[in-house]
Amino acid sequence: MGQALFYLITAIAPDGGLEPAVSWVLYARPPREAAFDPSLSYPPGRVTQTLIGRARALARDALPTAWGEVVSRTADEDVTVQPVLDLELPRIRRGRVLLAGDASSLVRPHTAAGATKALLDALCLEEEMSRAQSLAEAMASYEVRRREQGNQLVKLGRRMGRDQVEKAPVWSEMTPQRMGAWARATLAGRSHYLYGNAPGPRPGGVPAG
């Protein structure tokens, strides 16, 4: 398994009131035998037993017992599956239409940068609108400044997805020093055999994937 997140939410209680609950996310590849269309989202009640079983097995085998139990106790009808997609855009404006925020670059969730990017896009547009001689000039300058920034964020999300999910290290073997080196390499776009994100064997002859 690559990565797991657990966080508190507010849920609707059986009596119609509110109660605390735990929401969880597992980032992992679906099993090969699963009937899975990566272009579709699977809402509650539509997730196959193969996918649910895969999630529970990963949680049981890779997570601390308490977190594994949270996953195993989640009702089948409450499980959803959302494919992780990304997309670089060759342009973010046409005529008087301008894209900003999540609309101007489809980024994997590993970056956790959606709100920050939206704010930076808004600040950039405000700057260009205040100094440009025309709307067309402001929009053109905005596109020059922000399109490539958005595409770079897409590329960062791909690297993080590769190193956190697709070719994740053995987390239990990561020391603080290794974790720091691994994080810096991921951000810089470097691969290293030690962390399993590069071709060739890992130390001890274990394939890197």
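Bear in mind the structure is a predicted one, so any value in this text is a computation, not a measurement.
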Practice item. List the atom of P31, the atom of L51, and the distance in Å for their closest heavy-atom pair. Key: CD-CD2, 4.0 Å
Check your understanding: Should L135 and V97 be regarded as members of a common hydrophobic cluster, given that ILVMFWY residues are connected when their side-chain heavy atoms come within less than 4.5 Å of each other, either directly or indirectly?
Key -> no
**Study point:** Inter-residue atom distance R91.CZ - S104.OG, 0.5 Å rounding
**Key:** 14.0 Å
Point to revise | Side chain to side chain, K155 and E88, heavy atoms closer than 4.5 Å | key: yes
Point to revise | Shortest non-hydrogen separation from V71 to A55 and the atoms involved | key: CG1-O, 4.1 Å
**Study point:** Side chains of Y27 and L58 in contact at under 4.5 Å (non-hydrogen atoms)
**Key:** no
Practice item. Output yes when E33 and R54 qualify as a salt bridge under the 4.0 Å nitrogen-oxygen rule, no when they do not. Key: no
**Study point:** Heavy-atom side-chain proximity of E19 to P14 below 4.5 angstrom
**Key:** yes
Revision key, fill the gap. So the side chain to side chain donor-acceptor pair (under 3.5 Å) pairs with at least one residue in residues 55-68 (sequence neighbours excluded) are R56-D76
Study note, to complete from the structure: Separation between CD (Q82) and CG (L40), nearest 0.5 Å, reads 10.0 Å
Review point. Do W182 and Q164 come close enough that some side-chain heavy atom pair is under 4.5 Å?
Key: yes
Review point. Does E143 reach the main-chain N or O of I92 with its side chain, forming a donor-acceptor pair under 3.5 Å?
Key: yes
Exercise for review: Name all pairs fulfilling the ring pair (Phe, Tyr, Trp, His ring centres under 6.0 Å) condition that reach into residues 135-158, sequence neighbours left out, sorted by first residue then second.
Suggested key: none
Practice item. Would you indicate whether the side-chain heavy atoms of L156 and L187 approach each other to under 4.5 Å? Key: yes
**Study point:** Beyond-backbone contact of W24 with L63, side-chain heavy atoms, under 4.5 angstrom
**Key:** no
Practice item. Tell me, with the steps shown, if T111 and K117 meet side-chain contact (heavy atoms from CB on, under 4.5 Å). Key: CA-CA 11 Å; T111 62; K117 181 185 181 301; over 6 Å; no
Practice item. Using modelled atom types only, decide if a donor and an acceptor are shared between the side chain of N151 and the backbone of L89 within a distance under 3.5 Å. Key: yes
Exercise for review: Following the transitive rule for hydrophobic clusters with a side-chain heavy-atom cut-off under 4.5 Å over Ile, Leu, Val, Met, Phe, Trp and Tyr, establish whether M160 and V154 coincide in one cluster.
Suggested key: yes
**Study point:** Whether Y42 and F36 hold their rings parallel, tilted or perpendicular, with breakpoints at 30° and 60°
**Key:** parallel
**Study point:** Pairwise distance OG1(T116) to CG(D121) - rounded to 0.5 angstrom
**Key:** 11.0 Å
Review point. Any donor-acceptor pair under 3.5 Å linking the side chain of S130 with the backbone of E127?
Key: yes
Review point. Are any side-chain N or O atoms of D86 and backbone N or O atoms of R108, one a donor and one an acceptor, separated by less than 3.5 Å?
Key: no
**Study point:** Connected via hydrophobic side-chain network under 4.5 Å: L5 and V84
**Key:** yes
Study note, to complete from the structure: All heavy atoms of Q149 vs all of R145, minimum pair found to be CG-O, 3.2 Å
Check your understanding: Out of curiosity, does V70 fall in the hydrophobic cluster containing L26 (side-chain heavy atoms, cut-off under 4.5 Å, transitive links)?
Key -> yes
Exercise for review: Report whether L85 and L87 are members of the same hydrophobic cluster (ILVMFWY, side-chain heavy atoms less than 4.5 Å apart, transitive linking).
Suggested key: yes
Exercise for review: Verify the neighbour count for atom CZ of R94: are there more than 12 heavy atoms of other residues, nucleotides or ligands below 6.0 Å?
Suggested key: no
Review point. Are I9 and V22 side-chain neighbours, meaning at least one heavy-atom pair lies under 4.5 Å?
Key: no
Review point. At their closest point, which heavy atom of V79 faces which heavy atom of V47, and how far apart are they?
Key: O-CG2, 3.2 Å
Study note, to complete from the structure: Here the pair of heavy atoms bringing R96 nearest to M139 is C-CE, 3.5 Å
Review point. So do the side chains of T80 and S41 get within less than 4.5 Å of each other, counting heavy atoms only?
Key: no
Review point. If you take all heavy atoms of S141 and E128, which pair is closest and at what distance?
Key: CB-OE1, 3.1 Å
